[in-house]
Amino acid sequence: NEAALLAARKDQHFITLADIQESVIKVIAGPEKRSKTVIERERKLTAYHEAGHAVVGHALETADPVHQITIVPRGGAGGMTISLPQEDRGYRSRLELTEQLSSLLGGRMAEELVLGDISTGAGSDIRRATDIARNMVTRYGMSQRLGNVVFDSGHDEVFIGRSMAQTKTYSEVVAAIIDEEVKALVDNAYARCRDILTQQRPALDLVARYLLEFETMDAAAFQRVFTEPEALEAELVAHQKEAVEAPPAAPEAQEELHD
């Protein structure tokens with residue numbers, strides 16, 4: 001339905017693949033907020049944050065390919081990096097989950113590496129990464145120190161509240177080991193982000209500059225960052241030059257008012 005509405009607004013007779021893709025993104029993340037005023041400092045932060053997600057994901061063996069990167073606000077997000085799976089998956093391996101941690105933390109590392117500071121924009125990424133790491137340790141038996149043991153009861157009394165109703169079936173010593181293992185997984189993933197983005201710094205900068213200029217980068221343009229960066233760089237510079245040299249828009253003619 002949403003795709004049909006988008007096509008109708010553009011006076012199209014048919015629904016295109018682009019309409020369907022845009023409708024899926026709109027349903028998941030909300031409509032674009034192009035009227036929202038974003039200061040330049042936050043635009044740059046968002047551009048590098050999203051570029052970090054994309055470049056780290058591109059370097060990972062099991063990550064889904066990048067479909068679109070945007071710094072146009074949607075819903076409560078200042079930007080988005082959208083990756084689409086190529087196949088249905090019923091299970092996730094330890095490698096996949098470990099690399100997902102790095103993918104989630106790529107935005108935070110880009111902020112730290114390039115801007116020398118970090119922001120609240122990575123809050124949801126860090127929360128998701130922590131949840132995945134804790135599940136790896138307590139539910140999936142993916143900790144070498146703790147082995148193939150489940151430390152999560154798997155059911156909480158929601159009406160009482162999670163923290164009050166959850167009964168620990170293990171000692172405080174084990175709880176401390178769980179926390180150490182979770183932190184180690186997240187820290188190792190973050191360190192891998194640093195290695196990737198340090199090595200791929202030219203790609204990170206090019207993606208961020210492209211986003212600052214065009215606001216949205218599709219999969220084809222993103223692939224060119226790695227296959228023909230010089231050509232993409234030249235096109236970006238040419239576009240920036242045209243924007244600077246373009247004459248200002250003529251003011252609209254107004255009718256003279258006579259008494």
Completion exercise
Sorted by chain and residue number, the ring pair (Phe, Tyr, Trp, His ring centres under 6.0 Å) partners of Tyr210 (sequence neighbours excluded) come out as Phe214
Exercise for the section: Could you give me the CA-CA distance, side-chain angles and deciding distance for Tyr170 and Ile178, then say whether side-chain contact (heavy atoms from CB on, under 4.5 Å) is met? Expected result: CA-CA 10 Å; Tyr170 46 87; Ile178 289 173; 3.9 Å; yes
For [X] and [Y], work out which heavy atoms get closest and say how close.
X: Tyr190; Y: Arg108; value: OH-CG, 3.3 Å
X: Thr216; Y: Val72; value: OG1-CG2, 4.1 Å
X: Leu197; Y: Gly106; value: CD1-O, 3.7 Å
X: Ala54; Y: Ile69; value: CB-CD1, 3.5 Å
X: Val182; Y: Arg134; value: CG2-CA, 3.6 Å
X: Phe151; Y: Val137; value: CD1-O, 4.3 Å

As an exercise, state the distance from [atom1] of [X] to [atom2] of [Y], rounded to the nearest 0.5 Å.
X: Leu204; Y: Leu113; atom1: CG; atom2: CG; value: 7.0 Å
X: Leu105; Y: Gln100; atom1: CG; atom2: CD; value: 10.5 Å
X: Leu45; Y: Glu50; atom1: CG; atom2: CD; value: 10.0 Å
X: Met109; Y: Asp195; atom1: CE; atom2: CG; value: 8.5 Å
X: Gln223; Y: Asp218; atom1: CD; atom2: CG; value: 10.5 Å
X: Ile132; Y: Arg92; atom1: CD1; atom2: CZ; value: 8.0 Å

Report, one line per pair, each donor and acceptor closer than 3.5 Å where one atom sits in a side chain of residues 120-130; sequence neighbours left out.
from	atom 1	to	atom 2	distance (Å)
Asp125	OD2	His49	NE2	3.2
Asp125	OD2	His53	NE2	3.1
Thr130	OG1	Ile126	O	2.8

Handout entry: N-O pairing of Asp64 and Arg89 below 4.0 Å
Key = yes
Exercise for the section: Could you tell me whether the side chain of Arg192 reaches within less than 4.5 Å of the side chain of Leu60, counting heavy atoms only? Expected result: yes
Handout entry: Heavy-atom side-chain contact between His58 and Val225 under 4.5 Å
Key = no
May I ask you to decide if [Y]'s main-chain N or O and [X]'s side chain share a donor-acceptor pair within less than 3.5 Å?
X: Gln86; Y: Pro65; value: no
X: Arg43; Y: Leu212; value: yes
X: Glu111; Y: Ser119; value: yes
X: Gln68; Y: Ile82; value: no
X: Glu181; Y: Ser143; value: no
X: Glu42; Y: Ile39; value: no

Given the rule that I, L, V, M, F, W and Y join up when any side-chain heavy atoms are under 4.5 Å apart, are [X] and [Y] in one cluster?
X: Leu211; Y: Phe226; answer: yes
X: Val55; Y: Leu115; answer: yes
X: Met136; Y: Leu95; answer: no
X: Ile118; Y: Ile196; answer: no

Practice task
Check step by step if side-chain contact (heavy atoms from CB on, under 4.5 Å) holds for Tyr140 and Arg94.
Solution key: CA-CA 9 Å; Tyr140 305 141; Arg94 190 180 193 279; over 6 Å; no
Practice task
Go through Gln200 and Val56 one step at a time and tell me if the side-chain contact (heavy atoms from CB on, under 4.5 Å) criterion holds.
Solution key: CA-CA 9 Å; Gln200 297 285 342; Val56 169; over 6 Å; no
Exercise for the section: I would like to know whether Leu185 and Met142 meet side-chain contact (heavy atoms from CB on, under 4.5 Å); could you show each step before the answer? Expected result: CA-CA 10 Å; Leu185 284 169; Met142 293 181 176; over 6 Å; no
